[in-house]
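So you know, we letter chains A, B, ... as the sequences are listed, proteins then strands, and number each from 1. What you are looking at is a predicted structure, and each value in this text was computed from that prediction instead of being measured.
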There are 2 protein chains.
Amino acid sequence: MPTQEPSAPPRKRADARRNEQALLEAAAAAFVEAGVDAPVRDIARRAGVGVGTIYRHFPTRADLVVAVYRHQVESCAAAGPRLLAESPSPHAALTAWIHLFVDFLVTKHGLAEALRSDDPAFASLHEWFLDRLVPVCGDLLRAARAAGEVGSDVDPQHLMFGVGNLCIGAARIGRAETLRLVDLLVAGLRVGPGTPPPAPSA
Amino acid sequence: MPTQEPSAPPRKRADARRNEQALLEAAAAAFVEAGVDAPVRDIARRAGVGVGTIYRHFPTRADLVVAVYRHQVESCAAAGPRLLAESPSPHAALTAWIHLFVDFLVTKHGLAEALRSDDPAFASLHEWFLDRLVPVCGDLLRAARAAGEVGSDVDPQHLMFGVGNLCIGAARIGRAETLRLVDLLVAGLRVGPGTPPPAPSA
DNA sequence: TTGACAACCGGAACACTGTTCCGTTACGTT
DNA sequence: AACGTAACGGAACAGTGTTCCGGTTGTCAA
């Protein structure tokens with residue numbers, strides 16, 4: 001039994017697979033040094049291929065970024081339910097999960113910037129992040145609301161949007177200060193006895 | 001008595017003054033349409049001058065942006081003390097002032113992005129905003145803390161940094177939602193009976 | 001093993017950025 | 001009116017992303 005579904009493409013040529021792998025490694029290295037905006041030519045040179053080869057394997061930059069960071073985003077998504085089960089409260093789980101997300105973002109130069117960019121080259125990156133992580137965030141948020149810890153009915157997508165934005169330029173003020181701002185945002189979600197209603201009609 | 005301090009430059013040539021004015025108007029128009037990243041050639045063409053003329057009058061892009069938005073930032077800075085005097089509480093004044101700041105940012109395409117950018121061309125823009133607005137924000141924050149409304153000792157510079165970041169890409173989620181996120185951040189500052197300590201080593 | 005063909009490759013070429021530089025223009029002064 | 005120079009304008013350069021096509025090579029059938 002073949003390990004591929006019916007009508008699957010007949011497996012790429014050896015050189016193509018080799019180059020794709022080389023490109024992934026070269027891109028990962030380049031991203032660490034120069035951020036996700038590393039020049040195409042640099043990545044091609046590192047991988048020992050021509051620029052055309054990059055565009056054939058990864059039509060947009062987002063495709064390349066997605067391929068490089070796929071595993072890490074998946075593990076972040078998987079951490080959501082686990083944290084919800086292990087944490088003392090849903091809000092604690094939400095906070096911990098968001099810390100995970102922040103840690104991921106701030107260690108990837110330029111990723112947060114790319115995420116909020118409206119550059120069409122990053123559209124699919126944006127979409128992928130949202131598809132993968134927003135539901136997880138939504139679950140955590142819903143649980144926290146059900147537990148009465150969160151009053152505001154903020155859209156999980158907007159919350160993640162805000163957290164992502166706060167991570168932009170984290171290098172300037174430092175990781176700790178960035179986390180502090182994010183904590184402020186998440187703290188703002190909490191329903192407190194004295195919390196003023198920020199909702200339009202409460 | 002001349003209306004200029006001693007050793008002042010002997011007043012520029014007429015064509016130079018004319019071109020500078022034309023450039024300011026052209027840049028303002030271009031910024032509205034294409035954001036603060038509008039191509040240099042576009043601005044030059046609108047003003048009917050060569051690109052060299054832009055660089056002579058405004059060595060960096062930040063200089064041009066500062067010149068275009070100077071009045072609006074000044075009026076925002078001036079609003080701080082006024083709001084503090086007129087508002088029912090310091091925290092209300094802080095909230096209102098931040099709304100003013102947000103309104104200014106979200107109506108200028110790309111300004112928030114430029115503000116957080118580490119592009120050296122925008123370094124002086126960043127510095128100018130900070131010099132002009134952070135002290136105002138600091139006064140509001142201090143007053144709110146003195147009134148016992150704010151517990152956290154967040155650096156005003158970091159708060160403005162965060163608010164600015166939240167305004168990035170505001171067009172995507174809309175002005176109202178952006179304001180909501182900002183309100184969440186400011187609400188997180190409030191000291192509430194049930195507020196969890198956001199201490200670093202928590 | 002050999003040959004043919006499609007998949008694949010590489011990089012030149014293009015379009016578009018910002019930035020610099022210097023020959024030319026024209027303003028203000030004498 | 002003549003002159004010195006501040007100011008001008010745009011060609012030229014350097015660095016992006018993106019496309020395209022002639023040459024190469026892996027793969028499979030004969």
Q. Rounded to whole angstrom units, what separation is found between the CD atom of E20(A) and the P atom of dG10(C)?
A. 14 Å
Q: Spell out protein contact along nucleotides 16-22 of chain C as letters: B when the base is contacted, S when just the sugar-phosphate is, - when no protein heavy atom is under 4.0 Å; keep the 5' to 3' order.
A: -BBBB--
Q: Could you encode protein contacts along nucleotides 24-30 of chain C as a string, one character per nucleotide from 5' to 3', using B for base contact, S for sugar-phosphate-only contact and - for no contact, with a heavy-atom cut-off of under 4.0 Å?
A: ---SS--
Q. Between N19(A) and dC8(C), does any side-chain N or O lie under 4.0 Å from OP1 or OP2?
A.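 Answer no for this pair, as no side-chain N or O of N19(A) is under 4.0 Å from OP1 or OP2.
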Q. H57(B) side chain N/O closer than 4.0 Å to the phosphate oxygens (OP1, OP2) of dC8(D)?
A. yes
Q | side-chain hydrogen bond (donor to acceptor under 3.5 Å, both in side chains) pairs, two or more places apart, involving residues 105-114 of chain B | A |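 Those involving residues 105-114 of chain B are R116(A)-E113(B), Q72(B)-K108(B).
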Q: For residues 25-41 of chain B, pull every pair meeting side-chain hydrogen bond (donor to acceptor under 3.5 Å, both in side chains), keeping only residues two or more places apart or in separate chains.
A: E33(B)-R46(B)
What donor-acceptor contacts under 3.5 angstrom involve side-chain atoms of residues 122-137 of chain A, with partners at least two apart or in another chain?
| unit_1 | atom_1 | unit_2 | atom_2 | d |
| --- | --- | --- | --- | --- |
| R132(A) | NE | E74(A) | OE1 | 2.8 |
| R132(A) | NE | E74(A) | OE2 | 2.9 |
| R132(A) | NH2 | E74(A) | OE1 | 2.8 |

Could I get the full list of side chain to side chain donor-acceptor pair (under 3.5 Å) partners for [X], not counting sequence neighbours?
{"X": "R18(B)", "answer": "none"}
{"X": "T60(B)", "answer": "D63(B)"}
{"X": "D118(B)", "answer": "none"}

Q: Apply ring-ring contact (aromatic ring centres under 6.0 Å, His included) to F104(A) and list each qualifying residue two or more places apart in sequence or on a separate chain.
A: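 Here the qualifying residues are Y69(A).
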**Q.** All ring-ring contact (aromatic ring centres under 6.0 Å, His included) counterparts of Y55(B), not counting sequence neighbours
**A.** none
Q: Using atom types as modelled and distance alone, determine if a side-chain donor or acceptor of W97(B) lies under 3.5 Å from a backbone N or O of P81(B).
A: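 No; zero donor-acceptor contacts below 3.5 Å.
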Q: Take the C1' atoms of the five end pairs on each side of the helix from dT1(C)-dA30(D) to dT30(C)-dA1(D), get both axes, and report the angle to 10 degrees.
A: 10°
**Q.** For D155(B), all residues meeting salt bridge (Lys or Arg N to Asp or Glu O under 4.0 Å), sequence neighbours excluded
**A.**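 Result, salt bridge (Lys or Arg N to Asp or Glu O under 4.0 Å) vs D155(B): none returned.
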